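Each ligand, and each atom within it, is numbered from 1 in the order the structure gives. Values below: every heavy atom of this structure, side chains too, minus hydrogens, waters and symmetry copies. Note that the structure is predicted; figures quoted are calculated from it, not measured.
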Amino acid sequence: TPPELIRNFCIIAHIDHGKSTLADRMLQLTGVVQPRDARAQYLDRMDIERERGITIKSQAVRMPWQRGEEPYALNMIDTPGHVDFTYEVSRSLAACEGAILLVDAAQGIEAQTLANLYLAMEHDLEIIPVLNKIDLPAAQPEKYAAELAGLVGGEPEDVLRVSGKTGDGVTELLDLIVDRVPAPVGDPDAPARAMIFDSVYDTYRGVVTYVRAVDGDLNPRERIEMMSTKATHELLEIGVISPEPIKTKGLGVGEVGYLITGVKDVRQSKVGDTVTSAQHPAAEPLGGYDDPKPMVFSGLYPIDGSDYPTLRDALDKLKLNDAALNYEPETSVALGFGFRVGFLGLLHLEIVRERLEREFDLDLISTAPNVVYDVTMEDGTTVKVTNPSEFPAGRIKEVREPIVKATVLAPSEFVGAVMGLCTDRRGQMEGMDYLSEDRVELRWTLPLAEIVFDFFDALKSRTRGYASLDYEPSGDQAADLVKVDILLQGDQVDAFSAIVHKDAAYEYGVKMTAKLKEIIPRQQFEVPIQAAVGARIIARETVRAIRKDVLAKCYGGDISRKRKLLEKQKEGKKRMKNIGSVEVPKEAFISALSSD
Ligand code: GTP
C-alpha cells in the first residue's frame with residue numbers, strides 16, 4: 001500500500017471507557033472479523049488481561065476501509081493504558097500519526113486519559129476527540145463535549161459522538177480517521193528502518209516482533225539487524241495482522257506489521273529498537289530507544305520452601321515474554337530462599353505475581369515493595385540499594401530517591417483533601433487547572449516511594465472513589481531518609497527493614513513492633529521486639545515468657561499418646577524459623593507482611 005493510503009492511529013482511553021468494544025466494532029465494520037466470531041475483546045489476548053479488563057501488550061491490526069474511490073489501510077495500534085507501561089505507550093504512540101481520544105460520555109475525562117493525551121501531544125499526533133457510550137441514559141454529551149473541546153481545542157459540536165456497543169457513529173469515525181490523520185512520510189529509497197513497538201513471546205513461533213516501517217523496504221529475503229546490539233537474524237516471516245497473521249512480500253514506508261526471526265527471548269528484540277537490513281544497514285537508528293528500568297523492587301518467596309526451583313523456572317519462563325522483568329536470588333532469615341524482583345511499577349508487580357501463582361501454581365509471599373535508592377558515602381563511594389536490609393551502615397553523605405510527576409483529577413469539592421494527602425506524602429505542588437466548574441486537575445511532584453505505599457487507596461478513600469491518578473517518572477531528589485530495622489531479641493529480621501523519611505521512622509517502628517507482638521508466639525523466655533535506626537532504639541514491645549508443656553494434659557501412663565504428642569511438636573518445629581534463639585512460625589511473618 002502506498003503511504004498516501006495508509007493511516008496509523010491508536011485509541012487513548014481511561015480503563016472501562018470502552019476502548020476494546022469500539023475496537024471490536026471497527027473490526028466488524030471493516031469486515032476484518034465477522035460478527036459471529038467477534039470474540040469479546042479481540043485485541044486483549046491473555047486471560048488476566050480480560051479478567052482485569054486491562055491491556056498489557058500492544059498489538060496492531062490492519063483494516064481495509066473504502067473512502068470514496070480509494071481503498072485505504074487503517075492500522076489500529078493498541079496502546080497499553082496503564083502508567084507502569086509508559087515507555088511502551090510512548091513507543092506505540094511513536095508508531096502512529098493520529099490518536100482517538102475516547103471518553104465515556106457518562107464519566108468525562110480521567111487522569112489516565114489526560115496523561116496519555118499529553119504523551120500523544122508530545123509525539124505531535126493528530127488528536128480526534130470522541131465521546132463514547134452515547135446510548136447510556138446517564139450520558140451527558142453536551143457537558144463532556146465542552147470539556148473535551150476545552151482540552152484539545154475546537155468546538156463542542158465537532159466532537160464526534162459514538163457508541164461502540166450499538167455501532168452508532170462508528171462509520172463516521174472511520175471516515176474521520178481517513179480525513180484527519182496525516183498519511184505517514186518516509187524515504188522509500190533510503191536503507192530500511194523500522195521501529196519495534198512491541199515484542200511478544202509465542203510458544204510455537206518464538207518471539208513475534210511488531211514494527212512500524214519508517215524508511216525503505218524490509219525484504220523477507222534479507223537478514224535483518226537490530227541496531228542497538230548489531231545482532232543479525234534471519235527473517236523467517238514478515239506480514240500484517242488482519243486479524244490473523246497474513247504473510248506479505250515486505251513492509252514499505254508507513255506500514256505496520258510483524259516479523260518472526262526465530263529468537264526465543266524478547267530481550268533480543270527490544271521495544272524501541274530499530275530494525276534495519278544487515279546487508280544495507282542504515283547509518284543512524286530512529287530516536288527514542290531506552291532500556292526498561294525497574295522502578296519498584298520486592299522480595300518474592302515461595303510459602304513452601306520446596307517450591308523454590310519451581311519459582312526459579314517460572315521466572316525464567318516469564319522473562320522470555322517480559323523484557324522489563326528482572327530478578328536475582330536472595331535469602332532472607334525470616335523467609336528462606338527467594339528472589340529480589342524488579343518491576344516497572346505496582347501493577348506490573350501484581351500482574352507478575354498473579355501469573356506466577358496462576359500459571360505455575362505457586363503460593364508466594366512478597367515483601368513490602370520499595371524503590372531504588374542511590375546512596376553516596378562520605379568517602380565518595382556510591383551504592384544502589386534495591387533491598388532495604390542492604391542499606392549501608394556508616395557515614396552517609398547523601399541519599400537520593402526517585403520522584404514522579406503525578407496528575408490527579410478530582411471533583412472540585414475534594415481539592416482540599418487531595419492537597420492534604422499530597423502534602424502528607426512529601427509532595428510539591430506544580431499546578432492546578434479547572435477542566436470545568438466542578439472538575440480539577442492537580443499536578444504534583446511526589447517521591448515514588450510514597451506512591452508505592454498505599455497512596456492510591458488513600459486517595460480513593462479521601463475522595464469517595466472519585467479521584468483518578470496517573471504518574472510518570474521524573475528523575476530523583478535528595479531526601480532525609482533512614483533505615484529502620486526490626487530486631488527480635490537483638491537480631492535483625494531482614495524482611496521488615498524499611499527505608500523511610502526521618503520524620504516517619506518512629507511511626508513505622510511503633511506500628512511494626514506492635515504488629516509483631518501480636519503474632520509472635522510466646523517463648524520460654526521473654527522476647528524484646530525493637531525498632532532501631534542504626535544503634536538507636538526508637539520503639540519496643542515485649543512478648544512475655546510462657547512455658548508451653550504439651551504433656552501437661554496427659555496424666556499417667558499412656559506412653560504411645562505421649563510419644564505422638566512429642567512427635568507432633570517436632571513436626572511443628574520444622575515449620576519454625578529461628579531468629580537467633582527465637583522460634584517463629586513462618587506463617588507469622590507471612591501474616592505480618594501481607595496485612596497491608
Ligand atoms: P480496558 O481494556 O480496561 O481499558 O477497558 P476498555 O476501555 O477496553 O473498555 P471495554 O470495551 O471493556 O468496555 C468497558 C465496559 O463498558 C464494558 O462493560 C462494555 O460493555 C461497556 N461499554 C463499552 N462501550 C459501550 C457503549 O458504547 N455503550 C454502553 N452502554 N456500554 C459500553
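With a 4.0 Å cut-off on non-hydrogen atoms, Ser163 touches ligand 1 through its backbone as well as its side chain. Contacts between Val162 and ligand 1, counted as non-hydrogen atom pairs separated by less than 4.0 Å, are absent for every part of the residue.
Taking every non-hydrogen atom of Asn132 and a distance limit under 4.0 Å, the qualifying atoms of ligand 1 come out as 24 (N), 27 (O). Close approach of ligand 1 to Lys19 is summarised as follows: ligand atoms under 4.0 Å from at least one heavy atom of the residue are 6 (P), 7 (O), 8 (O), 9 (O), 11 (O). Which parts of ligand 1 touch His17 is read off a 4.0 Å heavy-atom cut-off, strictly below it: atoms 7 (O). Interface atoms of ligand 1 facing Thr21, defined by a heavy-atom separation under 4.0 Å, are 10 (P), 11 (O), 13 (O), 19 (C), 23 (C), 24 (N).
Considering backbone and side-chain N/O of Leu136, none are found under 3.5 Å from N/O of ligand 1. On a distance-only criterion, Asp16 and ligand 1 share at least one N/O pair closer than 3.5 Å.
In this structure, Lys143 does not pair ionically with Glu437, as no charged nitrogen and carboxylate oxygen lie closer than 4.0 Å. Using a 4.0 Å cut-off between charged nitrogen and carboxylate oxygen, Arg7 and Glu126 do not count as a salt-bridge pair. By the 4.0 Å N-to-carboxylate-O rule, Arg462 lies close enough to Asp424 to be salt-bridged with it.
Thr274 places a side-chain N or O within 3.5 Å of a backbone atom of Leu286 that can act as its donor or acceptor partner.
Side-chain polar atoms of Tyr72 and Asp175 form no donor-acceptor pair below 3.5 angstrom. Of the N and O atoms on the side chains of Arg353 and Ser298, not one donor lies less than 3.5 Å from an acceptor on the other residue.
Heavy-atom proximity to atom 8 (O) of ligand 1, evaluated over Ala23, Ala138, Ser20, Gly164, is greatest for Ser20. The residue from Lys165, Lys133, His14 that puts a heavy atom closest to atom 21 (C) of ligand 1 is Lys133.
Atom NZ of Lys247 has 12 or fewer neighbouring heavy atoms from other residues, nucleotides or ligands inside a 6.0 Å radius.
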